[in-house]
S.K.: 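To start, I am sharing the structure in question, which I have written as structure tokens.
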Amino acid sequence: MNNKIKMSGANEKLLQTPSQTAGPFFAYGLTPEQYQYDFTSIADGGLADEKNGAALITIAGQVFDGEDQPISDALIEIWQADADGNYHTQYHNIPISPYHFTGFGRMGTGANTETGFTFQTIKPGSAEGQAPHVNVIVFMRGLLTHAYTRIYFSDEVAANSKDIVLNSVEEKRRDTLISQLTATAEGHPVYKFDIHMQGGKETVFFDV
Amino acid sequence: MQRDWSVHPPYLYPDYKSTVLRTPTKLLVPLKHSLSEITGPVYGHEVIGKYDHDLTKNGIKDGEPLGERIVVCGKVMDECGKPIRNTLIEIWQANAAGRYIHKVDQHNAPPDPNFFGAGRCLTDDEGNYKFYTIKPGAYPWGNHYNAWRPNHIHFSLFGNNIASRLITQMYFPGDPLFEFDPIFNGVPAKARSLLISKFKLELTEPGFALGYEFNIVLRGNNETPFETK
């Protein structure tokens, strides 16, 4: 192995494989159905539907560059707990539910008429006492290493005020992490969450 | 394990011009891992189609794809060398002429009607994976005058959780374009060789395809979630 390095101790560790940009052409590999390629998608913007029995929500937004232009070739992935605050992984040992809620969604921002992403999902419950939130991974051309952020909810004021992660962020930037309940669509709430890569409204990104 | 910023590219790398307006300018906020970070989606064989690992077959319309057939295989492991089992790998790439099937690729090299250029597989119980494909061609891009991307295959991996999520690119040994490519050179110098596959005669399938090995090291899973009570 050429990626072995000697650490100061006796333990040898392998170096992590470096990240590279997803580039502009990921869609037929990672989001093929959304972009109408003839290949199945492992995930898309629909994490849940009426069959889930839990209250549906929509999270929609756009990704903006440093000149406030919407970015049409970003890839947004979300990862969230279910309404009870459980992550559907082997960690929680929850069998795949009959309605196939996996908690994982993935959308490119360039396939819709309005540049951006729209996830239909359920509102996550609190996990480990944290305020309800959705974990977000951002990839795009021009981003050599992906960026992590979180989506919190504007109607969870009490839980947000006690959240250990939100409170670790300087107060004037916390709003960049909180999606705004703006409307209802087909009877369910719509939360708006824009991601600003730069500028006065630059979204908080975490060193995950 | 934390993200090792001594091997990953920085956000801002001005030689790669698209980074200038698209990368965070403020310091990342430290985040102690909780369940949110030490969990991640789990995909199994139900998402893998019969020819998903074989890009020489999965796009066939009326004949064989053109170009040099290759085998790309390797092991996915954590920093301690422990195999990462049954994890999803997704790949995408240009065809032999350097053209992506993606609708917005404007390069005037010919599309190949029998090559789609994307696939996926799971690692096995030892962390090993194998793809069959066509060696991708180099192609020009608009970053600077006479800019060309080295031959590469895009790889996307999940690993054990969302903290180990990785999208990267695999390159081919001896590519003369390395020194001119700001995406490759965005990686700190000591780590660039980790992105270059190795030609292996023992992986080469006689009379069929050249063999390349590309091992992938993802962040391990040894964080303990914090206690909030």
Side-chain angles (χ1 to χ4, degrees), chain A residues 1-3 13-30 32 35 37-40 42-43 65-67 71 79 87 89-92 102-104 127-130 133 135 137 139-147 164-165 168-169 197-198 202 204-208, chain B residues 3-4 7-9 11 13 16 18-19 21-26 28-31 34-37 39-43 47 49 77 79-81 90-92 100-102 104-105 116-118 154 156 162-163 165-169 183 186-187 191 193-195 215-219 225 228-229:
Chain A
M1 297 277 316
N2 69 340
N3 40 0
K13 291 272 191 191
L14 303 175
L15 288 177
Q16 294 165 15
T17 300
S19 175
Q20 290 274 268
T21 179
F25 304 133
F26 60 80
Y28 67 97
L30 299 186
Y35 285 72
Y37 289 100
D38 185 19
F39 189 42
T40 55
I42 62 152
D65 70 12
E67 290 178 338
I71 292 173
W79 170 240
Y87 284 99
T89 64
Q90 287 151 338
Y91 191 95
H92 267 144
T102 64
F104 182 71
E128 289 185 316
Q130 300 185 74
H133 65 275
N135 307 287
I137 315 179
F139 303 89
M140 67 182 81
R141 172 174 66 83
L143 205 53
L144 284 163
T145 298
H146 53 278
I164 191 169
V165 173
S168 75
V169 173
M197 300 309 297
Q198 302 181 346
E202 181 173 323
V204 168
F205 296 102
F206 293 103
D207 192 7
V208 169
Chain B
R3 243 197 298 194
D4 182 355
V7 302
H8 293 294
Y11 283 127
Y13 190 75
Y16 176 22
S18 302
T19 67
L21 286 175
R22 290 181 162 214
T23 59
T25 62
K26 296 188 166 64
L28 299 183
V29 174
L31 180 64
S34 68
L35 267 183
S36 300
E37 290 75 34
T39 55
V42 179
Y43 286 98
V47 299
M77 62 203 124
E79 295 113 315
C80 298
E90 298 163 276
I91 66 170
W92 70 101
Y100 286 91
I101 204 166
H102 197 291
V104 303
D105 185 1
F116 182 66
H154 295 267
S156 169
I162 66 161
R165 184 86 178 85
L166 179 74
I167 287 183
T168 189
Q169 301 180 25
I183 293 179
V187 175
S193 66
L194 304 178
L195 294 181
N215 294 322
I216 299 165
V217 177
L218 300 179
R219 288 165 62 185
T228 50
K229 297 189 173 100

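Below, all heavy atoms of this structure are taken into account, side chains as well, without hydrogens, waters or symmetry copies. Naming: A, B, ... by sequence-line order, numbering from 1 per chain.
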S.K.: Using modelled atom types and a 3.5 Å cut-off, is there a donor and acceptor pairing between side-chain atoms of A/Q20 and backbone atoms of B/I183?
M.R.: yes

S.K.: Mind ranking B/V47, B/V187, B/L166 by heavy-atom pairs under 4.5 Å with chain A and telling me who comes out on top?
M.R.: B/L166

S.K.: Ignoring hydrogens, what is the shortest heavy-atom contact between B/H102 and A/P24? Give both atom names and the distance.
M.R.: NE2-O, 3.8 Å

S.K.: Please classify the contact between A/V204 and chain B as side chain, backbone, both or neither, with a heavy-atom cut-off of under 4.5 Å.
M.R.: side chain

S.K.: Measure the spacing between OG1 of A/T21 and CZ of B/R22 and express it to the nearest 0.5 Å.
M.R.: 8.5 Å

S.K.: Using heavy-atom distances under 4.5 Å, tell me whether A/E67 contacts chain B through its side chain, its backbone, both, or neither.
M.R.: both

S.K.: Specify which of A/V169, A/D38, A/D65 makes the most heavy-atom pairs with chain B at under 4.5 Å.
M.R.: A/D65

S.K.: I need the B/Q169 CD to A/L144 CG distance, nearest 0.5 Å.
M.R.: 9.0 Å

S.K.: One pair to check against side chain to side chain contact (heavy atoms under 4.5 Å, CB included): B/Y16 and A/R141. What are the steps and the verdict?
M.R.: CA-CA 10 Å; B/Y16 176 22; A/R141 172 174 66 83; 3.7 Å; yes

S.K.: Does any backbone or side-chain atom of B/P30 lie under 4.5 Å from a heavy atom of chain A? Answer side chain, backbone, both or neither.
M.R.: backbone

S.K.: Rounded to the nearest 0.5 Å, what separation is found between the OG atom of B/S36 and the CD atom of A/E128?
M.R.: 7.0 Å

S.K.: Using a 3.5 Å distance criterion without hydrogens, assess whether the side chain of B/T168 forms a donor-acceptor pair with backbone atoms of A/P18.
M.R.: yes

S.K.: Which of parallel (below 30°), tilted (30 to 60°) and perpendicular (above 60°) describes A/F25 and B/Y100?
M.R.: tilted

S.K.: Can any side-chain N or O of B/Y13 pair as donor or acceptor with the backbone N or O of A/L143 at less than 3.5 Å?
M.R.: no

S.K.: To the nearest 0.5 Å, tell me how far B/L194 CG sits from A/L14 CG.
M.R.: 9.5 Å

S.K.: Between A/F205 and chain B, with a heavy-atom cut-off of 4.5 Å, which part of the residue counts as in contact: side chain, backbone, both or neither?
M.R.: both

S.K.: Against chain B, label A/P32 side chain, backbone, both or neither, depending on which of its atoms sit under 4.5 Å from a heavy atom there.
M.R.: neither

S.K.: Quick one: of B/D105, B/T19, B/V29, who has the most non-hydrogen atom pairs under 4.5 Å with chain A?
M.R.: B/V29

S.K.: Show your working on side chain to side chain contact (heavy atoms under 4.5 Å, CB included) between B/T23 and A/Q198 and close with a plain yes or no.
M.R.: CA-CA 7 Å; B/T23 59; A/Q198 302 181 346; 4.1 Å; yes

S.K.: Could you pull out the closest heavy-atom pair between A/L30 and B/I167, with the gap in Å?
M.R.: CD1-CD1, 4.0 Å

S.K.: May I ask you to decide if the ring planes of B/F116 and A/Y28 are parallel, tilted or perpendicular, using 30° and 60° as cut-offs?
M.R.: perpendicular

S.K.: Among B/E90, B/R165, B/H154, who wins on heavy-atom pairs under 4.5 Å with chain A?
M.R.: B/R165

S.K.: Quick one: pull up NE2 in B/H8 and OG1 in A/T17 and give me the separation to the nearest 0.5 Å.
M.R.: 8.0 Å

S.K.: Nearest 0.5 Å, what's the CZ-CD1 distance between A/F104 and B/I162?
M.R.: 9.5 Å

S.K.: Kindly give the heavy-atom pair with the smallest separation between A/H146 and B/R3, and that separation in Å.
M.R.: O-NH1, 3.1 Å

S.K.: If you take all heavy atoms of B/Y43 and A/A43, which pair is closest and at what distance?
M.R.: OH-CB, 3.6 Å

S.K.: At their closest point, which heavy atom of A/V208 faces which heavy atom of B/E37, and how far apart are they?
M.R.: CG1-CG, 3.7 Å

S.K.: Where on A/I137 is there a heavy atom nearer than 4.5 Å to chain B: the side chain, the backbone, both, or neither?
M.R.: side chain

S.K.: Shortest non-hydrogen contact from B/A118 to A/G29?
M.R.: CB-CA, 3.6 Å

S.K.: For chain A, find which of B/G117, B/S156, B/G186 contributes the most heavy-atom pairs closer than 4.5 angstrom.
M.R.: B/G117

